[in-house]
Structure formats: C-alpha cells, structure tokens
Enquirer: 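Got a structure for you, written out below as structure tokens; questions coming shortly.
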Amino acid sequence: MIHLNRKENIQDNKFTWIRPLKIIFIFCNLFIVAVTVNAQSAMIIQGKIISNLDKEALIGVSVAEIDINNRVMTGTTTDINGHYVLKVKNPKNSLSIQYVGFEKQIVKINSKNVINVVLDDKSYLKEGVEVVASKKQSQGGYSIPQREIGTAMQTISAKEFEGLQVSSVDEALQGRIAGLDIVSNSGDPGSGTSMRIRGVTSINGNSQPLIVVNGVPYEAQVDPNFDFANSNQEQYASMLSINPDDILEITVLKDAAASAIWGSKGANGVLMITTKKGTSGPTHLEYSYRFTRTVQPQGLNMLNGGDFTMLMKQAYFNPKQDRTASDIDEYNYDPNFPDYQNYNNNINWVNEVAQVGNINDHYVTLSGGGERATYRVSGGYFDQTGTVIGQRLRRISSRAYLEYQVSDRIKFISEFSLTNSDNYRNYENLLSIAYRKMPNVSIYAQDANGVNTNTSYNIPVTSTLSSDQRNLKNPIALANLATNRLQSFRILPTFRMQYDLLDPQKSMLRYSMYVSFDINNSKTTMFLPQEVSNFVWNTSGVNRAENYDSENLTIYTDANIAWQPKFEDKDHSLLLYGSFQTNFGNSASQGIVTYSLPSAEAIDASGTGYLASAYSSHYPWRSAAYMLRGHYAYKSRYIIDGTFRMDGSTKFGAANKWGNFPGISLKYIFSDEPFMASAKKDWLSMLAFRPAWGVSGNQPGAEYLHFSRYETYGTYADNIAIKPATLRLSNLKWETTTSFNYGIDLGLFDDKYVFDINFYKKQTKDLLFSNVQIPASSGFGSESYINGGTMNNNGWEINFYANRFIKTKDFSIDFKFNLANYTNTLVELDQRLLDSYNGDFNYGNGSYLTRVQEGNSFGSIYGFRYKGVYKYDQYSSDHTNAPVAKDAQGNVITDRDGNPKPVWFNYYGKNGGTPYKFRGGDAIYEDVNHDGSIDELDIVYLGNSNPKINGGFGPSFRYKNLTCTMFFNFRYGNKIINAARMAAENMYFDNNQSIAVNWRWRKDGDETQMPRALHNWGYNWLGSDRYVEDGSFLRFKYLTFNYSVPPKLLKKFSVNKLSLYLTFNNLICWSKYTGVDPEVGYGSIGLSTDNSQTPRSKDFTLGVTVGL
Amino acid sequence: MKINKLYIKIIPLIAILGITGCTDWLDVKPESQIILENYWKNETDVQAVLASCYKALTVDDAVYRMIVWGELRSDNMTSGTGFANSRYDKQKMLNGDLTPDNAFAKWGSFYNVINYCNTVLHYAPVVINRDNNFTTDDLHRVQAEAMSVRALAYFYLVRSFRDVPYVTQASIEDTQEFNVAKTDGSVIIDSLIMDLKYAQKYAISEYGTKANNKGRFTLNAVNSLLADIYLWKASDTNSTTKIDDLNNCIEACNLVLSDNKLKLLDGTIMYSQVFSVGNSSESILELQFDDKQQVNNPVNNLYGYSGDNYGEIALPTTLGYDYEDKIAGANSPFGYKLTSSITESATDIRARDFLNVNMGRSSGKYFIFKYGGRLCTELTGTGGISLSYYYRNNTANWIIYRLSDIILMKAEALTQLDGQDNLKLAVTCVNKTYMRSNDGQDSLRFENYASQPEVEKLVLRERQRELMFEGKRWFDLVRVARRDKSVNSLNDYINHKASGTTGTSTAQTLDAMYMPVAKSELEANSKLKQNPFYEQTTSTSIR
C-alpha cells in the first residue's frame, strides 16, 4: 500500500504552491519514502534489560532498531520481566535502548541473537556536568554564532524575566531595550501598547514593529473597510498576548541591516519571539497563576455640584453682564422647577464609573518527550475586569509545539496556537463622559422627594441646557445597558519540515520549509438602548444595533536552503542561504447597522427596524519575496554578512511592483587579535566594531491602490447607482529606510561589565502619507496615499550590564542601564503637506500654531506667553494691573487726553476673526510687539517635545533563592502640551471643570492666576505657555520579588518547583509636570499633547508557579 | 552515484524555489469593487454612474449646504433648539461670524457631483462602440442629463462663492493636475447656459415612473434651471446683455408654464401634497428620499421630524405669524400691513401650514413645519373640520424647482423690464400663487403697488411666503443686492430678524455675501485665492 502511494505521489509531484496544503502532503510522502527504503533480510533478537544499581529488571524500556542515520526502523518495549523480543530488519543496524532516568545505550547488533543490557542510573551522573557551547542566533536554517552578529539587535532571554514574571510580552520588554519606546494605548482591557523602535520612521500611521513568531512574520492584515473600534490595535495586542511562560527569548532587530531580511515589512523594526520547545525527559507539568489588582488612580479633581453650578452661573453672566443670561433652571436650585430633585445632587461621576480591576491568569504547561519526539502543550484562562465599570475581557489560549526527529536528517515540527477572546467594552469612553458631565445632575431619575427610582436619568431633549450637556449620555446607564462586545478567534497552525540533503556531520546543506496559517475571525456586537440617552425611541441614534463580522485568512510559506561547507582550514566559515517566501490570503468583512429596534428585543441588527447602513467586502491579497543571505567569518574575527531581498506585492502597480532591500554588516572583533591576548586575559574580554548598512521598506496599508475602482452607491429613485470611488495611483512607490549603524561591543573582566553602544543614521525616503487632502474640486476629498517626503532619524543608544559585579556565595547584584536618544529631522516634504501643517493662526482658543520646516526637527511648540490675570478692569495709577497697552519700557500708552490705550485681541480682525477688548479677570498675554493688539505677531517659540535624553536603569539583587529586581525609567528635557488641563480649566463650555477653577478671578482686585469664567466668550485659553510644561520625569517603574522554594524542601511533596513572586508596577513618579502622567506619546508632527485625564494605573501582581 | 542522488533531490527543490511568473501571480483584482478597466462596457454602466450624480446630491453634506448656503443667513432663519455637534459652524454663520475654517465653506460635496457628471461625459461616448444597444440618441440624452446636473451643482457654487474652479475633466488618476485656479463666476454662468442649451435639445419629458419624472432632469427641469440662471445673470450689473437675459428667463419660464401637466394645487391640499406626499403635480425637480436608501437627515435635524419636533432652526419671532390669534411679528410677510387699510395675506393658509402653530404658541418660537410635518384633517363631532399637526415625515423629498417658483421667477424678471405692462403682468403672476393660499381674500391690485420698487418688493415678499425654508431666500436677497450694487437693502432685510442683543449676520460688502473659500481648500490648492473680503483687515464691528 505504501509503495503504491509512493509511486502515485511522485508522479503527482507537480507543485501547485497556491495550495499549500499540497506542500504538506508532498512532504508527508517524502517521509514515507524515507521510511520505506533499504528494507533487507530480517532476524529476531531477544534479551533482558536490568538496572546497574539493584540489578532489577526494568519494565517498559524502549528498544529500537536504528540505522546509521539514527532513523528508527522497528521498536518494542520490555515486558514485566524486563524481556524483549524484536524482529530486526538489518543485522548491520544498532539497537537503541533507553529508559527514563537512565543513560541511553546503543549496541551494534552484529548478527547477535541475544543482547542483554545493563542500564546506568543517570541520577548519579547529573551533578557537575557542565556543557560549554557558544550561543547561536538562529533564524530557521540560518544560524550563526551570537558573537559574530554585526547588526544592532538585542535579545532578552526567558531567564531574564523568569525572575520577573511579567504578564505580557510588552511588559517584558518595557525599559529593557535601548531605543524601544513603549507607551500604553489606554487602560481599557485588550487595547495593547504602541511600540516604536528608534523613533518614528513613517508618518502614515503604521509604525508598529513587525512581529515574528518562530520565524513566521505575522502582519496585521486588516480590511480597509473594517476600521471600527481600533480592531487593528486589538489584533496587534492579541499577537503580543503570547503567554510569557511560553516565551524562550525575544530579539529586537533595530537597524536596517538586520531588518532587511524582512524587507518591506521591516522598516519599523522587528520583534522576533521564539517560543519554548519541549525537552526530552519525563513529562513535566507546570501550573502558574497570577493575580493582578489594578487601581484607577485619582486623576484630576473635579468640581462638586455646588461649585459647578456657581461657576456656570458666573460663566453665563460674565460675557453679557446680564442676569437673564445665567437664568438657567438646571443651575438654579429652584424647588419650583419640576425637575429640581434631579439637579440638586453632588455626583462624583469619575468615582461612579471607576472600579478596582482584577486579573486572574491561570496557565498550565505540559512538556516532555523522548529522544525523537518532544512536545510542549500549554493552555490558559485569562479573566480581566477593567478599571472602568462594564469592562471585562476573557481569553482562552492554547499553544502546542511538537517536534519529531524522523532521523538525524529529517525533522518535522508542528505548532498550533489558539486564542479565543471575549471582550465586553464600553460603548463610549465613560471616563471622558464622567469628566465632563455636570455633577449636580442625578444618576437615577428622582421623584419629588428626591428618592432614586429605577430608571437612569437623562436630561430631556426639550431642556434648554446647552447641547454639550443635554446630549451627554448617562455613563452608568451606558455601562449597564449598552453593549459593545468584541469576540475574536485566532488560530495559527504552522507546519515545518527540515531536511539535510547531505550528511550534516560532513557539510550542511539543509532544506527547510514552513507553511503557516493565520485564521483570524472577529465579531462585534453593539447595541445602544434608548434608556441611555434622551432621544426618543425611533431616532437613528438609539435602539441601534450594529453587527460586524470579519474573517481573515493569511497563509505564509517559506522554502529555503542553507549551505554551510566544512573547510579544511578551520579559519574560514561560510554560510549561504536562499529563501523564497509567499504570503497570501483574503479578508472578508460585513457589517449591518439598524435602528428603531424594539428595546427589549435581543441585539440583532437583522431584526426589524430601519436599516442605517450595510456593507460587505471581500478581497484577496498576495505578496512574494526572494532572499539571499551570506555570512562569512575569517578566524571568527573578521566577519561580513550580506542580505538581499526582493519583495513583490499586490499593493503596487506594474511600475513599482517589486522593491529591493539590501543590507551589509561587518564586524571586527579586535579583542581576539593575537596581540590582544594578554589584555583579553586580564581585562578586555570583548572589543568589537560593527558598521552596518541596510535598506528596509514600508508599504501602504491598503490594497488595489493602482486601480481606479468603482463601487455601488445605493440607489436613487430605484436606479442602481455606481460611483468611481478612488483615483488610480500610478506612481506610488515603496517607502524605503536606509540606515547606517555603527556599533561597539565592549566587555570587561570576563564580561562582568558589558557595553553595547550604537550610533545610527536613518533616512526614510518616499514617506507614505495616507489620505492626503487634494483640492476638493477634483471630486475626491483626498488621495489615499502619496509619497510625500524624506525624513532623518539620527541617534545613539548605550546598553550597559554589570553581571554579578558583587558576588558572594549567597548574594549577588546585577545592574543594567540603558540610555538613548534620537533627533528627528525633516529633510523634505511635499508642498501640500507643508502647507497643511503650516496653516495660518486661526485666532481661536485652545490651538497652538504648528510649524513644520524642512531642515528642522518635528515637535516645536509655538504660542503666546501667559502672564497671569488682569487684576483690575479699569486702569488707574494704583490699579496698574489692568488691560492697557504698554510700550517696551513698560509705560502705559495713552492718547492725547491721557486715556490709556486698551488691549485688544486681534484688533485688526484678521482672518475673519472678531476683535475683542480685554477686561479685568481676563488672561494676560505678553504683547511682544507692544502694539496693544494680541495677535499672531505675539506668538513665540515655547519649546520642543523631543526629549534630550531618555533611558532606564535598575539593579537586581539575589540572595539565595530570593530575587529582587527594580527598574526605573526617565526622560529629560521635553515639553508637553497639557491639553487635559486646558479642557478642565477653560470655563468656556458647560463641561465640568477641575477644582483649580475655584481660584478664578471673580471680582475686581482678585489676585490669581486663573482667569474669570466666560461661557463661549473671550480668549482666556489661547494656546500659550500656560499649558506647556516640562515633561521630565523619573519613574520607579517596577519592583519585583521572586522566591523559589529550595527543591530539597519540595521533594517530599513530590513537587519539583515552587516559586512565588510579587510585582508592583508604577510605584512612584518624580516629575514637575502638573498633568496626571508625564509619559506622553508623540502626535502626528511630533507634538506631545496630553489629553489624558487619568494617569496610568498602578497595580500589583501576585503569582505562583508550581512544577510537578 | 551519490551525486546523481543529490541531483534527484535538489532538482524539485530548485523547481519549487524558482517558480517564476510571480508578477502575474501578484496581479490580483478586487472582488467587491469593479476596476475601471472592466467598467464602461454597456448602457447599464452609464446609467449607474448617472444615478450617482443624483445620489451625490442627496447626501447630507450636499443638502445641508443647499439649506445653509441658500437660506441660513437670510431673515428666514434663526436658531431653534440649538445646534447639535457642528453647532458652532451654523451658530457662527447665524451670528455673522463667518470664517474660512467654517465647515460650510467646504464645497467638496458639490464637486463630487460634478466629478461624477464629468466621468459620465468622459466615458459615455466610449460605450457607443462597445454596446450596440447604446445609440447616439441614448448618448445625447445621457449627456443632456449629466450636463444639467453639473450645471445645477455649479450654479449652487457660483451663487454661494461667485468665483470657483471650473472643472470639466473627469478625475481618474493621481498624475492629473488637480490644482485649478478660480474661474470668474460670470464666465462659468455663460458656460452653464451653453450646456443647458445643449441639454434643451436632447432632454426628454418623461422617464416613465413618477419618482424618475420628478427626481431627474426633464426638459421642464432644464428650462427651470435655465430660467433661474438667466435671472441670476441679469442681476449682474456688469452684464451688457441684461435685457436679453431677462427675456430669456421669461421665455424659459413660459416653456415650463406652457406644459399643462404641471398644475398648481389647491391651497388647502398644497401642503400635504407638495411637501408631505411629494412628487406632486406642481413639482418639477425634487431630490428623492426614502427610508431604506437615504433619509433626509439635514431637513430632519434643521426643521424637526417625527423623532424630534424641535428643529435646530426656527423662524425669527419678528417674522412669525400666529395663525390662531392673527398676530403678526413686526416684519412678518404674513398679515403684512401695506398701508393702514390694506393688509396683504391676512389669512394666509401658508402661515398655518408652513409653521408649527401649536408649538409656536407654547414655546414662543416659530418652529418649522414645512417638510418635516404632516397635516391631518379630522372631522369633528359638530361637522366641522379641524386640523391636527404632527411630525411624521422623515424622508421628505427636497424640492429644487416647483411651479410656484417658476411663476415668481417670471414675475421677478418682469419687474426688471421697463414698462407698466410688465409690472402689471408681474402682479398677475404673483396673484396666481397668492390667491390659492388666501382663499376668500381679494386679489392683489396693481394700483396698490404702482411703482417698480413696490412690485419688486411684493414679488420678493411673495417668494418669501411661498418658498420659505426651500433654500431660496438668501439667493433672492443676493440678487437684489447685485442689482443695487449695494448691500444696504439686503442688510435691511436681514436685520428684520434681529431682536435684543443677538448678533446679526449683516454683510459688510458685496464680497461678504459670498462664502469664504475653506481654509483646508486653500491649503490643498496653491492656485486658489481667498474671497477678498475674508482676507482684508477690518477694524469695524468691534464688540
């Protein structure tokens, strides 16, 4: 039967690589071929296996016939008396006898009929065995010694965070990699973090590094039509949610010479995750549990009901100085007002929506294996409640890794991972509502006696209250009644095969391949019941159901061949590698939105109601890449590496379909020179120089850009409408980043002190900009992508490790330190983009003038200088702090009659703006040109958002089995626009404000820094240095204690591992910044704007790991 | 032997690695969209893009602008219950605080329409060779329709901005030059007239279904638009062809009026038939809405609808008229005291039907009933008839031209021609729309309006009464200002709505009557120049 199959399948060997399943099938057949050759004359052997210690028979010992390639031919196990009988195929083969806990033996058969074997107990040999091997950096068949790597990369092994026990990959990396900036997106469960390696190289939005898991690059392929609710980000986060227990090591590729191997995907850097594999030995069971408690820290303190209504009445009164303007029922506390009871409260909305978040994370791992096959299977359950009510994320994940060594030359690996998550999210940002909602309104409708009823209170639509407040939904009702649920299901099976075409002992010629599938389905269900807002039941805003589904399938294949000849002269070593990769798949999504659904009915958008919108889309994509790599080392001290990759993608038209990405790196290990021998022995354990150059790329996030596409556009008067939807982009090119990296490796005193220093220059050309506005007169609002400019990122990084620099028998200290900085310079930018960034001053409150100039860095802040508040309304000799114009000497400018000249805002009414005369209590802005008019001529440079330096450091202490690790990170010399404070102090809208406004100017002569309240009036919150603050900080990021119970104590409970740990996150932050958190990311043109009203959460994690 | 074996193993691997023809493999086409190369194959393709031209007129952005550009700044509108979301832009316009960053300075939605029309005009001729069923006559009809829709879109732009980029090329790929400078409004108007004259030749009178007959450009609609454009052109004092333009306007009106299928409805059923049911016999062109494809959100939000009776916009109190108590606001066109003894429109049914009388009484505001509401006639016990009002229309068609408009356009053109006869004729026209809504009243007598300015004002008042909230009033006032070469009378009218301390939206110069070019548009298009009014520095109007 097998023979028949073989014949058929060899004939059928027309390789159709569009169907990768077939590949697997073919290689399965190759395996069968291999097994069935060399069948020769058979004979029978028998014997007994005993232990060397007590000479007792061993039961269940595996006895196998193996050939010269260690391929198993037949096998059996011993019976209750230690006997075995085996029919062998070839008397020239050997017997392999192995048993758990005993030394394996191989005995030549040599035509013997009886073979008795005494096995040695391994437990006696265990002590004192030391294995010396050089660590290798492996990428499939391409594996070179770590010391010969000439590119900028940094690896963190599981050992490093075993002591730390982090809960996710990003946490493991935080602060440990020089040049890697990680900022949490938000505190909502599942929202993930954003990572930037060596600054932002692309402005088009996708700046996340590529994630490679066990050599397979997983890209977040998202249907462009499917862009609701950050699903992209959540997908990225789910990729990072690989349980840290499963991770062996993480390598970050930082320069283009290293990331060029990922070509078009590598421009943002690469994060390579290697997972743990099974190890041969007895089955090992490990269970770990983590409990995390997260607290939403106190953000801004907001006004209570009484203070708020007082503020609003003043804010309405002040502009018109008219009582009727401030006569608003809801602010009046008038018992005759029918809704009086609903507006006489003191609700702290922020406290109402906040809760303590808990995370329970269970994880079980089972691993083991024999000589030929190893396995590792793990699974876990993760349950998180957010720090805002109504949030809950549950996730089941599982991962399996099976490796089967068919012979010394053929190996199969199968990997499988599955994540199923169910995320109940808030329908809207509840915290944002809570910070704005008026504190005097009640949560639940109150009856005439002020007693809460069961229904939540919504300000009626007929209320004369400003729509800012009126239409703000009730956050408590939103959390309890509205639905926003994201269920996702992701399966990633991978099949690998590795085949040595030559005898690996002589010369390596290895063919490897993999096929990997990424199946990612998600479903979003949203429903907004009428009870949470003031709209009547049949408006389109409420009783509104939204269902979205998306299905993505991506198939990655890679076939590569690596050749490493063995030279007579051991000074030479060479490795050549060629690879062909494909990546293809399709994405389908559909969505339906209906409204006017009966409230009670289940949340199904296909129910009866009005159809608001419906769409469905389906599209495939493809890309392919050829790659060649080479590594040559002479005396393992002069090293050259080269890479060339060619990427083709369906995202580009015929002219630019293929992109080329070369990379070269050199390394010179100076300390290995013979004349350095004495220094090496004494103190200089490593000194190496590594210059490298490389090109990597980036592609747009959308498909089919090179087509002019038509799509359906509903109907008009029963005629089907189809419209041209896109412009054809015929000239779109790959965005390419060329980088030079100069690195130095320095190790002192047997690598007790290690320095890793890098300088880099990166230039990104043909920067991709998405949705660039083009004249609307073209009929298209924007062009989906353009190549718009050139940008430089130059910087340096220093990593320093002190490994056990203080060491006694029981005690040791490690110390690590990293420091990095970069400057970002705009070299060239499309005129359209420059114009749109460099708009005119809009004479409005709240906005800062932006300036982007070629040759300058991003992130410069321009605005007015804030000088406090006018104490008096009318100027007189003893009331000098009044709104009057002063000349450069500080003398008041007067007219002929001695009347002082008032200060105006935008006196000339430029840009359609309206002039405004400053009054007492208004903000004072410095009149730089002393003309009595505050306008764009008074705008000055206020600082830059780029830090001068940033980094992190931390020691770890080890005493016997107790480890304590600390980590600090810092940033110095950057400016932040505190927009959150601006929103909480402007007293311009009907939104609640922070308690700081209680210090506002109320009457003539008040001395304060807080201007008077002006509702929809005046210019008290122009973009000025009032809100620009120094963002330098030093943060005690985490403190971890880890204790492993000594194995001796555990033995009697037949437990072989028990460790406990406790981590505190975000302990203290030292900063002069008045906002809630100085760690703020960068906006589109490098400005740091802090819109956050809550600081990052403080949490602690308690964990336990038990191994059996 | 060994080497042979090696080759046997390597060859299939090389075959795997060396699969060529990848560029073909990378040629994937979208599955849920059609690419240009596969489109424009037959008549259906042409008709579908043509439908998009209309569809693009029905999107919220476009209809909002028809109302906001056409009426928001006029005396007919003030804020109702306060604007949601984008309220600042509308509120600022109401306050006369019009700046280039106002969202309503964006004109993109009309250029979308124009681009679809241009695309039809660009590709339709190609289809003749591809589809035998698509004849030259079919092509001409399609061209007539596309040119008419394009002319309508440009006419909105010219009336709102005066000078705008005049684009007749279809936008297909990124290598085209999209930075187009403004063309003088009067030059555009002349081009539009040329296009419409072409359309007059080929436009058809009937499409078959009612929704198509009223929802698409028929010959009557072409003539109506042409009349409107001539009337606008004639208001340009620089025009040397003023008299010809006026006569052309009257001629175009007469062509429409001569169609006896178009009939003015009786005053009592006019409201429900024209605005609530839609596609009435006096309708010429109205944008079609329905609850499955396109709900009329702008009208719903601004005027009120079944979900929310309080529109964002209301008629100013000074222009209001309490139909129950017969109390007119100081500047109301209803119950208008021409002299102490003569009251125009004393019992005007339109004051009852176009405004929400009940809500006006309870809240002191005159909320809008036109479009959003439905009138219900009930027999009361004693045999009388009572009317109840309720809002239930969410999908009101938006009327662009109806017969009353044409009659009153003709009247307006006649007032601009010399001679008593023309003035008399104008009053006769006015009486047609006036009398059906003022049942039992005496018709307007020419003697009471003997002078040209008086007749002109009468026509304007009747247009205000008849076409209130139909996006016409501001353009009517701008025509007056253009003729006067002064904004004085325009400002007088706008000041009618001023009461108390609220700001008014008076226009300071003739340029100020037109919208500023959006800031974002100036940034995107280096060849554009701002409307001079919004560039200049001014120190007047200090608060």
Side-chain angles (χ1 to χ4, degrees), chain A residues 13 15 17 461 467 471 501 511 536 538-539 559 561 580 610-611 617-622 624 648 650 657 704 707-711 713-724 727-731 773-781 783 832 835-836 839 842 908-910 912 914-915, chain B residues 9 12-13 16-17 19 22-23 25-26 28 30-36 39 48-49 51-52 54-55 82 84 87 97 99-101 107-108 111-112 114-116 119 165 167 171-175 178-180 211-212 215 288 291-293 307-308 520-521 523-525 534 537-539 542-543:
Chain A
N13 211 346
F15 194 85
W17 56 301
V461 71
S467 58
N471 296 339
L501 300 165
Y511 169 76
V536 294
N538 60 352
T539 51
I561 193 150
F580 175 67
Y610 288 106
L611 185 69
S617 97
H618 178 248
Y619 76 97
W621 67 81
R622 291 172 186 174
T650 48
K657 194 141 252 161
Y704 314 128
F707 292 116
S708 168
R709 283 161 284 152
Y710 284 59
E711 65 184 24
Y713 192 28
T715 63
Y716 177 78
D718 298 332
N719 305 300
I720 288 165
I722 293 173
K723 65 173 180 181
L727 284 172
R728 176 163 61 205
L729 307 184
S730 357
N731 282 332
Q773 208 198 346
I774 57 171
S777 48
S778 64
F780 290 93
E783 219 170 288
R832 288 178 284 178
D835 288 350
S836 71
N842 65 4
Y908 302 103
K910 282 182 209 165
T914 325
Chain B
K9 287 169 179 169
L13 298 174
I16 292 164
L17 281 169
I19 284 171
C22 271
T23 306
W25 186 69
L26 291 174
V28 175
E31 291 182 5
S32 49
Q33 289 167 313
I34 313 157
I35 60 168
L36 173 63
Y39 202 76
V49 180
S52 285
Y54 292 104
K55 177 76 182 179
R87 69 173 195 159
D97 187 5
T99 50
D101 56 358
W107 55 34
Y111 277 105
N112 290 349
I114 289 164
N115 184 46
Y116 300 152
T119 307
V167 182
S171 300
I172 298 158
E173 65 174 16
D174 59 349
T175 49
F178 296 126
N179 287 1
V180 181
N212 279 288
Q288 305 288 310
D291 56 9
K292 287 292 172 207
Q293 283 295 330
D308 185 357
S520 56
E521 196 62 21
E523 284 164 4
N525 184 349
Y534 301 95
T537 57
T538 152
S539 54
I542 288 165
R543 285 189 245 177

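By convention in this document, chain letters (A, B, ...) are assigned in the order of the sequence lines, proteins followed by strands, and residues within each chain are numbered from 1.
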Enquirer: Quick one: which of A/P724, A/G648, A/A721 has the most heavy-atom pairs under 4.5 Å with chain B, could you say?
Expert: A/A721
Enquirer: Could you pull out all residues at least two apart from B/E523 that satisfy side chain to side chain donor-acceptor pair (under 3.5 Å)?
Expert: none
Enquirer: If you compare all heavy atoms of A/S777 against all heavy atoms of B/N525, which two are closest, and at what distance to 0.1 Å?
Expert: OG-ND2, 4.4 Å
Enquirer: Find the one option among A/A717, A/P775, A/A776, A/G781 whose heavy-atom pairs under 4.5 Å with chain B are most numerous.
Expert: A/P775
Enquirer: Is B/I172 in contact with chain A via its backbone, its side chain, both, or neither, using a 4.5 Å heavy-atom distance?
Expert: both
Enquirer: Would you say B/E173's side chain and A/S708's backbone share a donor-acceptor pair under 3.5 angstrom?
Expert: no
Enquirer: Identify which part of B/N179 has an atom lying under 4.5 Å from any heavy atom of chain A, answering side chain, backbone, both or neither.
Expert: both
Enquirer: What's the spacing between B/Y54 OH and A/Y713 OH if we round to 0.5 Å?
Expert: 14.5 Å
Enquirer: Side chain, backbone, both or neither: which part of A/E783 has an atom under 4.5 Å from a heavy atom of chain B?
Expert: side chain
Enquirer: Just jot down the ring-ring contact (aromatic ring centres under 6.0 Å, His included) partners of B/Y39, sequence neighbours excluded, or say none.
Expert: A/Y710
Enquirer: Measure the spacing between NZ of B/K55 and CD1 of A/I720 and express it to the nearest 0.5 Å.
Expert: 12.0 Å
Enquirer: Side chain, backbone, both or neither: which part of B/Y116 has a non-hydrogen atom closer than 4.5 Å to chain A?
Expert: side chain
Enquirer: Could you give the distance from CG (B/D174) to OG (A/S778), rounded to the nearest 0.5 Å?
Expert: 11.5 Å
Enquirer: Can you measure from CZ (A/R709) to CD1 (B/I34) and round to the nearest 0.5 angstrom?
Expert: 12.0 Å
Enquirer: Would you check if B/F178 and A/L727 make a side-chain contact, meaning some heavy-atom pair closer than 4.5 Å?
Expert: yes
Enquirer: Which region of B/V49, side chain (C-beta onward) or backbone (N, CA, C, O), has a non-hydrogen atom less than 4.5 Å from a non-hydrogen atom of chain A, or is it both or neither?
Expert: both
Enquirer: What is the distance from atom CD of B/Q288 to atom CG of A/N719, rounded to the nearest 0.5 Å?
Expert: 10.0 Å
Enquirer: Find the distance between OH (B/Y111) and CZ (A/F780) and round it off to the nearest 0.5 Å.
Expert: 15.0 Å
